[in-house]
Amino acid sequence: MFSRDHIEYLPVDLPDRLQMTDAEMAEAAQAFYQHMKKRHTVRDYSDRPVSREVIEDCIRTAGTAPSGANHQPWHFVAIANPEMKRRVREAAEEEERRFYDGGAGDEWLKALEPIGTNDHKPHLEEAPWLIVIFAQRWGHFDDGTRFKNYYVPESTGIASGFLLAALHHAGLVSLTHTPNPMRFLNKMLGRPESEKPIMIVAVGHPRADAQVPKVAKMKKPLEEILTVAE
């Protein structure tokens with residue numbers, strides 16, 4: 001909790017300092033790239049369980065992300081309960097039917113064709129875990145008064161990236177799902193008005209026959225995503 005009466009700058013020595021040679025840095029950067037390029041968005045989940053401890057540690061990693069004014073404007077709801085996953089799926093598919101029935105517009109639907117998605121979302125029940133990510137637009141001091149959070153979309157986006165990397169590092173696959181609107185999640189999961197649901201992440205192990213769209217392996221080359229000014 002933040003206290004209105006105890007907000008001050010108090011510097012401490014850098015507590016964790018990584019020491020690498022130039023060669024070690026180059027090796028580490030390449031190794032991480034090689035690891036992360038094996039991450040895939042997966043819709044086909046096996047029934048192999050995933051422990052709560054693994055999910056908690058991955059969310060702990062997400063919680064280390066940088067954020068505006070260090071307000072950490074996020075909340076994660078991890079769902080393993082089969083009945084709750086069923087309810088999430090039913091509500092999400094209702095929104096998705098409107099999306100695919102024309103709500104998205106022809107251009108957006110055309111762009112999705114190579115991905116092969118539709119309004120059928122069985123992974124929301126089949127994955128052993130769903131993690132719903134909420135962005136907190138404001139918080140409260142310990143006396144109950146409200147304070148504003150800053151750079152909320154940016155901060156929550158970074159934390160979401162940390163989470164996906166942590167899940168992959170733990171040997172899991174995931175899928176990010178963003179039905180629109182998602183306000184049904186606030187009521188269903190008992191989250192306050194201050195929080196906006198931004199993403200549902202399905203998490204688990206891939207089925208033996210899991211497939212991914214061929215186009216998903218087509219990533220832009222470095223020269224298209226990087227400009228260097230030296």
Side-chain angles (χ1 to χ4, degrees), residues 39-52 54-63 65 72-100 103-104 108-109 112 115-137 152-168 170 172-207 210 212-213 216:
R39 192 207 67 81
H40 302 293
T41 295
V42 174
R43 293 175 172 81
D44 306 317
Y45 289 87
S46 76
D47 59 1
R48 179 182 171 187
V50 176
S51 73
R52 173 175 171 173
V54 168
I55 297 300
E56 288 180 344
D57 279 340
C58 290
I59 293 174
R60 282 191 181 96
T61 297
Q72 303 157 59
W74 44 65
H75 189 86
F76 303 87
V77 177
I79 306 169
N81 180 278
E83 174 59 22
M84 186 168 289
K85 289 192 295 180
R86 182 190 63 79
R87 291 173 56 204
V88 170
R89 176 186 176 181
E90 289 177 350
E93 286 186 336
E94 183 177 345
E95 299 298 343
E96 292 292 272
R97 280 191 288 273
R98 284 191 278 268
F99 178 90
Y100 284 96
W108 187 200
L109 293 176
L112 287 173
I115 305 298
T117 57
N118 53 42
D119 60 4
H120 189 51
K121 308 296 180 184
H123 55 269
L124 294 178
E125 281 191 271
E126 294 169 353
W129 289 92
L130 301 180
I131 302 174
V132 183
I133 304 172
F134 288 86
Q136 295 180 334
R137 295 176 293 177
V152 174
E154 297 86 349
S155 300
T156 311
I158 296 170
S160 300
F162 273 39
L163 175 61
L164 296 180
L167 293 168
H168 176 62
L172 299 168
V173 295
S174 62
L175 178 138
T176 56
H177 181 52
T178 53
N180 185 28
M182 287 192 282
R183 272 295 176 185
F184 67 87
L185 291 165
N186 286 73
K187 182 176 181 180
M188 187 179 297
L189 302 177
R191 301 311 304 165
E193 179 188 359
S194 60
E195 296 180 1
K196 178 182 179 180
I198 63 166
M199 192 181 303
I200 304 170
V201 182
V203 180
H205 295 280
R207 284 202 321 251
V212 297

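- Of the possible donor and acceptor atoms, one in the side chain of N186 sits under 3.5 Å from a partner among the backbone N and O of E195.
- Atoms OG1 and CD, from T156 and Q136 in turn, are 8.0 Å apart once rounded to the nearest 0.5 Å.
- In this structure, I198 and S160 have side chains that are in contact, with non-hydrogen atoms separated by less than 4.5 Å.
- Applying salt bridge (Lys or Arg N to Asp or Glu O under 4.0 Å) to R89 and the options E126, E96, E94, E125 leaves one that passes, E125.
- Using modelled atom types, one side-chain atom of W129 and one backbone atom of V50 make a donor-acceptor pair closer than 3.5 Å.
- Side-chain contact between V152 and W74: absent, with no pair of heavy atoms (C-beta onward) separated by less than 4.5 Å.
- The local environment of CZ in R52 is sparse, with at most 12 non-hydrogen atoms from other residues, nucleotides or ligands closer than 6.0 Å.
- P197 has its side chain within reach of R183: a pair of non-hydrogen atoms, C-beta onward, lies under 4.5 Å apart.
- Under a 4.0 Å N-O distance rule, the pair R98/E95 qualifies as a salt bridge.
- Other residues, nucleotides and ligands contribute only 12 or fewer heavy atoms inside 6.0 Å of the NZ atom of K196.
- Distance CE/M199 to CD1/I133: 5.0 Å, rounded to 0.5 Å.
- Expressed to the nearest 0.5 Å, how far CG of L130 lies from NZ of K85 amounts to 6.0 Å.
- Atoms NZ and CD, on K121 and E93 in that order, are 8.0 Å from each other to the nearest 0.5 Å.
- The minimum heavy-atom distance linking V203 with P128 is given by the pair O-CD, 3.1 Å.
- Taking the side chain as every heavy atom from C-beta outward, D119 and F99 never approach each other to under 4.5 Å.
- The number of heavy atoms from other shown groups lying within 6.0 Å of CD (E83) is above 12.
- Under the 30°/60° scheme for interplanar angles, the aromatic rings of H123 and Y45 are found to be tilted.
- How far CG of L185 is from CD1 of I79: 7.5 Å, rounded to the nearest 0.5 Å.
- T61 and F162 make their closest contact through O-CD2, 3.5 Å (heavy atoms, listed as atom of the first residue, atom of the second, distance).
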